[in-house]
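Along the sequence shown, the residues carry numbers beginning at 1. For clarity, every value in this text was computed on a predicted model and none was experimentally measured.
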Amino acid sequence: MTIADQIIGHVGQNLSRPECVLATCNGDFFCAHGDRGVARIRPDGTQLALAPPTMAGGVPVLANGIALQQDGSFLVSNIADGGGLFMLDADGMRPFHDCGGNDSPPPVNFVYPDQLDRIWITVSSTHSPRSLAYNRQTANGYVGVIENGKFRIVLDGLAYTNELRPDYENGWLYVAETMRQKISRIRLDEKGVHGTPELFAQMPRGAFVDGLEVDSEGAVLAACIISNEIFRITPDGAMEVIASERLDAWVDEVAQAFEADEMGRPHLDKSPTKHLRNTASVTFCGAELDTLVCGVLLDDKLPLLKAPVSGREPLHWHVDVPLWGEPF
């Protein structure tokens with residue numbers, strides 16, 4: 001079955017770099033939306049930009065990871081050079097935490113609140129520009145936690161840290177290391193992480209893992225940019241491709257540049273694919289959590305796929321978000 005046959009529909013239009021997507025039980029979708037923070041896509045198709053254009057550090061905010069809190073507000077990770085973690089509600093978007101940067105917040109890639117009131121964040125690299133970290137050798141990414149208002153780094157020395165998923169049920173924290181093309185994991189319980197990270201999955205050549213999700217059976221879904229593939233990896237490490245628009249010539253071109261330490265922004269800012277346009281994340285949606293919606297870096301709409309296994313209810317599944325924003 002081709003990827004065109006697998007796609008069962010799309011959500012949204014005119015979205016700005018919708019890298020991260022959330023869904024709720026009432027049929028709403030929320031996605032990253034450039035300097036407007038978050039876009040809301042209602043079941044009837046109407047769309048709202050939830051923040052006015054926002055600047056930080058003299059440059060526009062660039063929303064990357066987003067998280068919906070229990071009170072209906074959002075956390076937004078700013079991956080632009082202004083950096084930091086932002087709060088977004090009906091009053092607008094404003095700084096929430098510097099994530100260890102003090103007067104110079106680092107670009108924050110991802111944010112994830114868990115059931116123990118911890119807010120997990122990732123910083124891909126402390127280099128500016130971040131493209132200096134597009135290689136296997138640079139490992140200055142880290143994972144941090146905000147707990148009771150205090151920030152601490154819990155895991156560092158990572159090669160371009162991207163999305164993460166805490167899985168308390170099975171006792172693991174999964175972390176995507178994009179530039180080593182792998183998923184690492186470390187033991188996790190209510191007291192935090194323990195021990196040292198271990199390799200969970202090494203992705204194939206040209207598959208740069210970006211987004212992670214965990215399904216109802218404890219398997220990890222991995223969305224890979226460049227190769228535009230989605231993998232499902234069981235807890236014992238068995239891996240299968242569940243969706244793919246891998247174009248061998250393009251993947252080989254980027255892989256060769258990467259292996260020669262010549263990978264740069266042009267390799268991430270374009271793609272010859274038509275259906276999965278640098279697919280960076282996956283999220284379960286639908287009444288039975290049996291559908292996947294894909295976050296994409298290079299498209300303005302979100303593809304929908306049938307999930308091989310249903311998902312778990314996210315913490316925000318039943319959150320009723322107040323209505324605000326500017327239609328677009």
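- Tyr168 OH to Leu116 CG: the interatomic distance, rounded to the nearest 0.5 Å, is 4.5 Å.
- Arg118 contributes a side-chain N or O that, together with a main-chain N or O of Glu190, makes up a donor-acceptor pair within less than 3.5 Å.
- For Asp210 and Thr178, the side-chain atoms include no donor-acceptor pair closer than 3.5 Å.
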Q) Would Leu158 and Leu155 satisfy side-chain contact (heavy atoms from CB on, under 4.5 Å), going step by step from the backbone distance to the final call? A) CA-CA 8 Å; Leu158 303 172; Leu155 201 58; 4.3 Å; yes
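- The backbone N or O of Pro52 sits less than 3.5 Å from a side-chain atom of Thr54, completing a donor-acceptor pair.
- Minimum heavy-atom separation, Cys20 to Ser281: CA-OG, 3.9 Å.
- Shown here for Gly206 and Val251, the closest heavy-atom pair between the two residues is CA-CG1, 3.6 Å.
- Checking Tyr174 against Asp167 by side-chain atom types alone, no donor-acceptor pair falls below 3.5 Å.
- Both Ile3 and Leu221 belong to a common hydrophobic cluster when Ile, Leu, Val, Met, Phe, Trp and Tyr are linked at side-chain heavy-atom distances under 4.5 angstrom.
- Among all heavy-atom pairs drawn from Asp98 and Pro106, the shortest one is O-CD, 3.2 Å.
- Applying the 6.0 Å contact sphere to CD of Glu288 captures no more than 12 heavy atoms from other residues, nucleotides or ligands.
- The main-chain N or O of Arg277 is never found under 3.5 Å from a side-chain atom of Ser271 such that the two would form a donor-acceptor pair.
- Residues Val145 and Leu188 share a hydrophobic cluster, clusters being chains of Ile/Leu/Val/Met/Phe/Trp/Tyr side chains in contact below 4.5 Å.
- When hydrophobic clusters are built by joining Ile, Leu, Val, Met, Phe, Trp and Tyr residues whose side-chain heavy atoms come closer than 4.5 Å, directly or via intermediates, Phe200 is not grouped with Leu173.
- Taking a cutoff of 4.0 Å between a charged side-chain nitrogen and a carboxylate oxygen, Arg152 and Glu147 qualify as a salt bridge.
- Atoms CG and OG, on Asn278 and Ser227 in that order, are 9.0 Å from each other to the nearest 0.5 Å.
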Q) Going through the checks in order, is the side-chain contact (heavy atoms from CB on, under 4.5 Å) test met by Gln181 and Phe258? A) CA-CA 11 Å; Gln181 298 178 259; Phe258 181 67; 3.6 Å; yes
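- Between Arg312 and Asp215 there is no salt bridge, since no side-chain nitrogen of the basic residue lies less than 4.0 Å from a carboxylate oxygen of the acidic one.
- Looking at Glu313, its side chain never comes within 3.5 Å of a backbone N or O of Cys25 through a donor-acceptor pair.
- Interatomic distance, OG of Ser244 versus CG of Asn228, reported as 8.0 Å (0.5 Å rounding).
- Side-chain N or O atoms of Gln47 include one that pairs as donor or acceptor with a backbone N or O of Gln13 at under 3.5 Å.
- The distance from the CG atom of Leu15 to the NZ atom of Lys301 is 9.5 Å, given to the nearest 0.5 Å.
- Between Ser124 and Asn109, the closest heavy-atom pair is OG-ND2, 2.9 Å.
- No donor-acceptor contact under 3.5 angstrom links the side chains of Ser310 and Asp290, judged on distance only.
- Considering every non-hydrogen atom in both Cys224 and Val209, the closest pair reads SG-CA, 3.7 Å.
- When Glu177, His127, Arg130 are each tested for a side-chain hydrogen bond (donor to acceptor under 3.5 Å, both in side chains) with Tyr160, only one passes: Arg130.
- In the displayed structure, Asn148 atom CG is contacted under 6.0 Å by at most 12 heavy atoms of other residues, nucleotides or ligands.
- Here CE of Met239 is found 4.0 Å from CE of Met203. Values are rounded to the nearest 0.5 Å.
- In terms of hydrophobic clustering, with Ile, Leu, Val, Met, Phe, Trp and Tyr side chains grouped at heavy-atom distances under 4.5 Å, Trp317 and Val21 are assigned to different clusters.
- Classification of Asp261 and Arg136 as a salt-bridged pair fails, no side-chain N sitting under 4.0 Å from a carboxylate O.
- Residues Leu212 and Phe231 share a single hydrophobic cluster, defined by chaining ILVMFWY side chains whose heavy atoms lie under 4.5 Å apart.
- The pair Glu198-Arg187 fails the salt-bridge criterion, with no side-chain N (NZ, NE, NH1 or NH2) lying under 4.0 Å from an Asp/Glu carboxylate O.
- Look at Glu245 and Lys274 and you find no salt bridge, because none of the NZ, NE, NH1 or NH2 atoms lies under 4.0 Å from a carboxylate O.
- Considering Met263, His267, Arg180, Glu229 in turn, Met263 is the only one that fulfils the side-chain contact (heavy atoms from CB on, under 4.5 Å) rule with Phe208.
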Q.
As a quick check of understanding, evaluate side-chain contact (heavy atoms from CB on, under 4.5 Å) for Trp120 and Val143, giving each step before the final call.
A. CA-CA 7 Å; Trp120 300 83; Val143 172; 3.8 Å; yes
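- Considering Leu85, Val76, Val111 as possible partners of Phe96, the one that fulfils the side-chain contact (heavy atoms from CB on, under 4.5 Å) test is Leu85.
- For Asn170 (side chain) and Trp172 (main-chain N/O), no donor-acceptor pair under 3.5 Å exists by modelled atom type.
- From Met93, atom CE reaches atom OG of Ser73 across 13.0 Å, with rounding to the nearest 0.5 Å.
- The backbone N or O of Ala23 lies less than 3.5 Å from a partner atom in the side chain of His316, making a donor-acceptor pair.
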(Q) Is there a side-chain contact (heavy atoms from CB on, under 4.5 Å) between Leu68 and Val321? Walk through the geometry before answering. (A) CA-CA 9 Å; Leu68 174 56; Val321 180; 3.7 Å; yes
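- Taking all atoms of both residues into account, the shortest heavy-atom contact from Leu22 to Phe74 is CD1-CE2, 4.5 Å.
- Ion pairing of Asp44 with Arg42 is absent here, as no side-chain N (NZ or NE/NH1/NH2) approaches a carboxylate O to less than 4.0 Å.
- Judged by distance alone, the side chain of Asp117 and the main-chain N or O of Asp114 form no donor-acceptor pair under 3.5 Å.
- A donor atom on one side chain and an acceptor atom on the other are found under 3.5 Å apart for Asn64 and Arg17.
- Looking only at side-chain heavy atoms (C-beta outward), Ile183 and Ile233 come within less than 4.5 Å of each other.
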